[in-house]
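Before any comments, here is the structure.
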Amino acid sequence: MVTSRRPAASHAARAEIRLPWWAVALPVVTFGALLIMIMSPGQAQAATADPALGQLIERTLQLLSH
């Protein structure tokens, strides 16, 4: 006699992973805070090295704002 029931092992393979809301929100907030600190350093002195990084960030912000 053939049954159409699936074995218990296949049910275990489809286990759902449920994360709390903070497990997703915390990395997003942290990334945003670090990005803001990089973009607006506040009272930090400008480096005398190559300003290419600053120009790249300015261009990126201009492109994202459009």
Side-chain angles (χ1 to χ4, degrees):
M1 188 153 77
V2 177
T3 61
S4 61
R5 294 182 55 125
R6 293 182 180 179
S10 67
H11 181 63
R14 295 185 298 148
E16 292 183 27
I17 298 174
R18 299 182 69 172
L19 295 174
W21 64 270
W22 54 264
V24 177
L26 188 62
V28 171
V29 170
T30 304
F31 177 77
L34 290 173
L35 189 61
I36 289 171
M37 287 192 304
I38 290 171
M39 295 299 168
S40 59
Q43 299 294 329
Q45 298 294 324
T48 59
D50 187 20
L53 179 61
Q55 291 176 353
L56 176 65
I57 292 172
E58 283 182 33
R59 298 285 184 193
T60 304
L61 288 174
Q62 287 174 356
L63 288 173
L64 292 175
S65 67
H66 289 278

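In what follows, every heavy atom counts, from backbone to side chain, and hydrogens, waters and symmetry copies are set aside.
- Of all heavy-atom pairs spanning Val24 and Val28, the tightest one is O-CG2, 3.4 Å.
- When the side-chain contact (heavy atoms from CB on, under 4.5 Å) test is applied to Leu63, no partner is found at least two apart in sequence or on another chain.
- Every residue two or more places apart in sequence or in another chain was checked for a side-chain contact (heavy atoms from CB on, under 4.5 Å) with Ser65, and none qualifies.
- Not a single side-chain contact (heavy atoms from CB on, under 4.5 Å) links Ala33 to another residue, sequence neighbours left out.
- Remark: Leu35 pairs with Phe31, Met39 by the side-chain contact (heavy atoms from CB on, under 4.5 Å) rule, at least two apart or across chains.
- Under a 4.5 Å side-chain heavy-atom cut-off, the cluster of Ile, Leu, Val, Met, Phe, Trp and Tyr residues that includes Trp21 is completed by Trp22.
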